[in-house]
Amino acid sequence: MQRRNFLLTSMAGAAAATLAPTSLLASCAPEKVANTTPLNLCFQEGVTPGNTLQEKLDFIESLGVTGFEVGGRGLAGRVDELNNALKGRNIRLGAICAGFDGFILAEDGQKDDFDRTMREIIEAAGKLGSCGVIMVPAFNGQTPCRPHTMDTRNYLCEELHKLGEFALQCGTTVILEPLNRGECFYLRLVADAAAIARDADSKGVKCMGDFWHMKEETSDYAAFMAAGKDYLQHVHIASRGRRLTPGEDGEKDDYRDGFRALKELGYERFVSFECGCEGDRATVLTAAVELLRKQWEEA
Ligand code: MG
């Protein structure tokens with residue numbers, strides 16, 4: 001553009017700006033788009049009140065909660081029971097919480113126990129349409145355990161690769177859960193779990209965050225953002241002081257920093273209750289659902 005034309009155009013623009021009513025200028029500013037990512041809540045079986053599976057699912061449905069998380073132990077024998085119970089309901093199975101024998105970093109026969117039982121659970125999880133089976137590489141007390149070395153990390157990634165590929169064949173995944181250093185010093189940050197999942201090089205290996213263990217994180221927001229949508233497959237939640245039901249620890253139970261990340265990521269997987277309870281279970285769960293929906297709106 002020639003200098004003269006440029007000047008004329010600029011002057012015309014300036015004149016228009018001077019004359020334009022304020023409302024017109026405001027409408028030119030980029031609009032803040034409302035985040036419509038839904039909060040999908042889920043209850044673990046042991047958290048849900050009710051004497052039978054049907055009663056538990058009725059309670060979940062009455063709160064508009066759409067997820068149900070069960071333990072992995074004996075899961076193969078429960079596939080038909082669970083699939084039938086969920087038929088016709090607006091409830092899906094969430095993740096499967098552990099339940100295997102042995103552990104993946106064992107130096108003895110416990111590794112074989114892990115391989116056998118974990119694969120049984122993964123197969124059942126696939127038949128139930130579950131998003132994945134939660135696992136921890138090794139709890140602090142589990143022995144004999146491979147040493148915390150680079151070789152062990154490489155070994156873990158190789159073993160997870162095999163497991164992840166098997167899970168994909170079954171239509172599900174394996175989900176690494178970081179805990180706190182008191183329970184599992186080996187894996188305690190969401191970003192580290194995501195990095196191991198990446199290095200395992202299988203789309204069947206994912207990670208999760210548990211708001212209870214995430215008290216070791218410097219930022220809930222950064223932890224979830226570091227994992228990102230590609231790796232973050234599940235979330236656990238509890239109150240932040242004593243691991244009771246969200247809300248039972250009062251002002252400590254602020255999840256908005258983490259929720260903001262989940263909303264920005266467009267995370268539509270489950271936020272699942274894994275927690276104890278001090279008050280009347282039905283009452284505190286009802287209040288917790290209300291609290292979390294409010295904080296999700298505010299995040
Ligand atoms: Mg957990």
Side-chain angles (χ1 to χ4, degrees), residues 29-44 47-48 60-69 86 89-97 128-134 171-178 189-191 193-195 197-198 203-215 217-240 245-247 252-275 285-299:
E31 256 179 68
K32 191 170 185 268
V33 181
N35 189 309
T36 54
T37 307
L39 171 63
N40 290 317
L41 294 174
C42 174
F43 288 169
Q44 280 191 346
V47 165
T48 316
I60 289 177
E61 228 163 28
S62 75
L63 295 181
V65 169
T66 54
F68 188 53
E69 177 175 331
L86 293 170
R89 292 186 187 268
N90 186 27
I91 303 173
R92 286 174 295 128
L93 210 70
I96 304 298
C97 195
L128 286 161
S130 163
C131 67
V133 182
I134 298 168
T172 188
T173 69
V174 291
I175 305 173
L176 290 170
E177 178 169 18
L189 298 176
V190 176
R198 178 198 60 201
K203 290 207 177 337
V205 182
K206 304 287 185 184
C207 76
M208 62 174 288
D210 180 326
F211 273 103
W212 167 251
H213 301 295
M214 282 168 65
K215 61 190 175 185
E217 306 277 356
T218 49
S219 157
D220 295 337
Y221 177 86
F224 284 137
M225 290 308 268
K229 213 176 169 182
D230 285 349
Y231 296 105
L232 191 67
Q233 188 83 344
H234 197 57
V235 172
H236 276 163
I237 199 162
S239 77
R240 311 203 81 171
T245 303
K252 281 186 184 166
D253 295 343
D254 189 337
Y255 307 93
R256 287 173 293 189
D257 191 45
F259 279 179
R260 188 162 57 87
L262 297 179
K263 285 172 75 171
E264 286 180 17
L265 288 171
Y267 173 87
E268 295 192 15
R269 297 185 176 280
F270 285 120
V271 174
S272 185
F273 283 56
E274 182 182 59
C275 55
L285 281 170
T286 304
V289 166
E290 202 178 310
L291 173 77
L292 297 187
R293 286 178 177 153
K294 181 170 171 283
Q295 290 195 2
W296 186 266
E297 279 300 311
E298 291 167 355

Determine whether more than 12 heavy atoms belonging to other residues, nucleotides or ligands lie under 6.0 Å from atom [atom1] of [X].
{"X": "E61", "atom1": "CD", "result": "yes"}
{"X": "E290", "atom1": "CD", "result": "no"}
{"X": "K215", "atom1": "NZ", "result": "yes"}

From [atom1] ([X]) to [atom2] ([Y]), nearest 0.5 Å:
{"X": "T36", "Y": "K263", "atom1": "OG1", "atom2": "NZ", "result": "9.5 Å"}
{"X": "E297", "Y": "N35", "atom1": "CD", "atom2": "CG", "result": "9.5 Å"}
{"X": "E177", "Y": "C97", "atom1": "CD", "atom2": "SG", "result": "6.5 Å"}
{"X": "C42", "Y": "L93", "atom1": "SG", "atom2": "CG", "result": "7.5 Å"}
{"X": "M208", "Y": "L176", "atom1": "CE", "atom2": "CG", "result": "10.5 Å"}
{"X": "Q233", "Y": "I175", "atom1": "CD", "atom2": "CD1", "result": "5.0 Å"}

- Note on the structure: Given the options D220, D210, D253, D254, R240 meets salt bridge (Lys or Arg N to Asp or Glu O under 4.0 Å) only with D220

Can you name the nearest heavy-atom pair linking [X] to [Y], along with the distance?
{"X": "Y255", "Y": "A238", "result": "OH-O, 2.6 Å"}
{"X": "R92", "Y": "F270", "result": "NH2-CZ, 3.4 Å"}
{"X": "C275", "Y": "V47", "result": "O-CG2, 3.5 Å"}
{"X": "R293", "Y": "L63", "result": "NH2-O, 2.9 Å"}
{"X": "I96", "Y": "S130", "result": "CG1-OG, 3.4 Å"}
{"X": "G228", "Y": "L265", "result": "CA-CD2, 3.9 Å"}

- Query: Residues in ring pair (Phe, Tyr, Trp, His ring centres under 6.0 Å) with F43, at least two apart?
  - Reply: F273

- F224: ring pair (Phe, Tyr, Trp, His ring centres under 6.0 Å) partners, not counting sequence neighbours: F211

- Item | side chain to side chain contact (heavy atoms under 4.5 Å, CB included) evaluation trace for R256 with R260 | CA-CA 6 Å; R256 287 173 293 189; R260 188 162 57 87; over 6 Å; no

May I ask you to decide if [Y]'s main-chain N or O and [X]'s side chain share a donor-acceptor pair within less than 3.5 Å?
{"X": "E217", "Y": "V190", "value": "yes"}
{"X": "T172", "Y": "G132", "value": "yes"}
{"X": "T173", "Y": "C131", "value": "yes"}
{"X": "K206", "Y": "D230", "value": "yes"}

- Task: Could you check R269 against V235 for side chain to side chain contact (heavy atoms under 4.5 Å, CB included), going step by step and ending with a plain yes or no?
- Result: CA-CA 8 Å; R269 297 185 176 280; V235 172; over 6 Å; no

- Message: Test of understanding: with salt bridge (Lys or Arg N to Asp or Glu O under 4.0 Å), list the residues that count as partners of R198, not counting sequence neighbours.
- Response: none

- Item | Pairwise side-chain contact, T37 with L262, heavy-atom cut-off 4.5 Å (strictly under) | no

- Run the numbers on K229 and Y267 for side chain to side chain contact (heavy atoms under 4.5 Å, CB included), then give the verdict. CA-CA 7 Å; K229 213 176 169 182; Y267 173 87; 5.7 Å; no

- Task: In sequence, state the C-alpha distance, the side-chain angles, and the governing distance for F259 and L292, and then conclude on side chain to side chain contact (heavy atoms under 4.5 Å, CB included).
- Result: CA-CA 9 Å; F259 279 179; L292 297 187; 4.1 Å; yes

- Message: Just to verify, which of H236, E69, Q44 counts as forming a side chain to side chain donor-acceptor pair (under 3.5 Å) with S272?
- Response: E69

- Message: On the six-membered ring of W296, is K294 placed so that its NZ or CZ lies under 6.0 angstrom from the centre and within 45° of the ring axis?
- Response: no

